[in-house]
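Step one of this worksheet: look at the structure below.
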Number of protein chains: 2
Amino acid sequence: MTKADDLTQALRDAGVRITRQRAALLTVIAGADDHPDAVELHRRASKDMPSLSLSTVYRTLTALEDQGVIQRHQFDGTPSRFEKAEDDHHDHMIDVDTGEVIEFCSDRIEQLQTELAAEIGYEIVHHRMELYVRKKDG
Amino acid sequence: MTKADDLTQALRDAGVRITRQRAALLTVIAGADDHPDAVELHRRASKDMPSLSLSTVYRTLTALEDQGVIQRHQFDGTPSRFEKAEDDHHDHMIDVDTGEVIEFCSDRIEQLQTELAAEIGYEIVHHRMELYVRKKDG
DNA sequence: ATGATTGCAAAAGGTTTGCATGGCA
DNA sequence: TGCCATGCAAACCTTTTGCAATCAT
């Protein structure tokens with residue numbers, strides 16, 4: 001039972017048709033340990049499915065996001081980038097020199113965010129925290 | 001001495017030419033207490049400068065951002081929105097139902113962010129924190 | 001079978017750019 | 001005057017969409 005199989009089953013259960021193109025994309029997404037954009041995902045999935053069109057990639061990504069199977073990130077001005085939804089929430093640091101993405105999380109910050117919103121009568125639907133960073137010299 | 005005058009002077013000092021279109025835009029930006037996008041700024045500035053072109057607005061906004069006079073925000077999927085740079089840093093909550101933008105800041109969170117980055121050898125160049133929120137019922 | 005999904009090509013939306021003209025310092 | 005900034009139109013990049021053909025269930 002691979003990770004892609006898990007995802008596939010969950011989708012089938014949700015009534016989503018698993019076409020060959022969606023299966024190919026799911027395999028790529030399940031196997032990715034970075035944060036590729038739609039074009040990159042299309043490039044990777046095309047290895048197994050040369051006829052796969054970019055519009056199908058976009059449509060599928062939207063569907064998978066709606067199903068909560070993947071997450072979409074919109075970093076500073078660049079195209080949307082995707083990763084599979086994990087159980088653990090995390091945020092991102094982006095190395096402004098290299099583009100490298102580092103995942104991190106802070107329960108303390110999340111708690112403070114929740115409190116700040118609550119103070120003015122709001123609850124958080126979702127949030128976005130990105131730290132654009134540079135390696136310290138020395 | 002209006003706010004726009006202040007901005008104008010700072011720019012002149014930095015060697016930026018103040019054309020009529022830039023002056024018109026600066027007046028609009030200085031007078032805005034919301035977070036308008038480029039098209040909206042063009043609309044407002046056009047009242048005083050009907051010949052102002054949208055490309056000039058975009059070029060000017062980029063220049064002003066480079067000068068640190070304004071800040072660009074890229075909220076969830078929508079066009080970039082701008083506000084004048086203030087002395088005090090702040091972040092944003094966006095009401096997902098109304099689109100209303102609420103400014104807030106938390107020194108404690110900023111401190112935690114700095115610490116988290118430092119722990120892995122990074123320093124923060126800039127950051128972005130957006131809370132997408134909904135009014136609590138009751 | 002039949003309704004969802006695909007590929008293609010075209011369109012949309014936001015933003016940038018080449019070029020000749022015009023205007024600030 | 002010299003060079004920067006402008007307006008226009010066209011290009012760009014990412015993403016979406018209309019349509020007829022195809023496929024999963």
| Plane angle bin for B/His92 and B/His73 - parallel if under 30°, tilted between 30 and 60°, otherwise perpendicular | perpendicular

| query | Whole-Å distance between D/dC13 C1' and A/Glu40 CD? | reply | 17 Å

| With a 6.0 Å cut-off on ring centres, are B/His126 and B/His89 close enough? | no

| Does a sphere of radius 6.0 Å around CG in B/Asp107 hold more than 12 heavy atoms from other residues, nucleotides or ligands, not counting ones at 6.0 Å or beyond? | no

| message | Whether A/Arg22 contacts C/dT6 is assessed here as follows: a side-chain N or O lying under 4.0 Å from the phosphate OP1 or OP2. Is that the case? | response | yes

| query | Does the pair B/Glu130/A/Arg128 count as a salt bridge with the N-to-O cut at 4.0 Å? | reply | yes

| Expressed in angstrom and rounded to an integer, what is the separation of B/Gln21 atom CD from D/dC8 atom C1'? | 14 Å

| said: Quick check on D/dT15: is either OP1 or OP2 less than 4.0 Å from any side-chain nitrogen or oxygen of A/Ser80? | reply: yes

| remark: Closest of C/dC19, C/dT16, C/dT6 to the B/Arg59 side chain is C/dC19

| Between B/Leu61 (CG) and D/dT6 (P), how many Å, whole number? | 11 Å

| request: Examine D/dT14: is either OP1 or OP2 under 4.0 Å from a nitrogen or oxygen in the side chain of A/Gln74? Give yes or no. | output: no

| said: Considering every strand and a 4.0 Å limit on heavy-atom distances, what is the contact class for B/Ser55: base, sugar-phosphate, or nothing? | reply: base

| task | Grab the CZ-C1' distance between A/Arg17 and C/dG3 for me, whole Å please. | result | 6 Å

| Under the 3.5 Å rule, do the base of C/dG22 and the side chain of B/Arg20 count as making a donor-acceptor pair? | no

| query | Please give, in whole Å, the distance from D/dT6 C1' to B/Met49 CE? | reply | 10 Å

| Should A/Thr62 be listed as having a side-chain N or O under 4.0 Å from OP1 or OP2 of D/dT15? | no

| Pick the nucleotide of DNA chain C nearest each of B/Tyr58 and A/Leu52; which residue has the one closer to the 5' end? | A/Leu52

| task | For B/Leu25 and D/dT6, give me the distance from atom CG to atom C1', rounded to whole Å. | result | 13 Å

| remark: Exactly one candidate in A/Thr98, A/Asp95, A/Asp97 meets side chain to side chain donor-acceptor pair (under 3.5 Å) with A/Arg134; the answer is A/Asp97

| query | When the distance from CD of A/Glu65 to P of D/dT15 is rounded to whole Å, what number comes out? | reply | 11 Å

| said: Rounding to an integer number of Å, can you tell me how far B/Leu54 CG sits from C/dG14 P? | reply: 10 Å

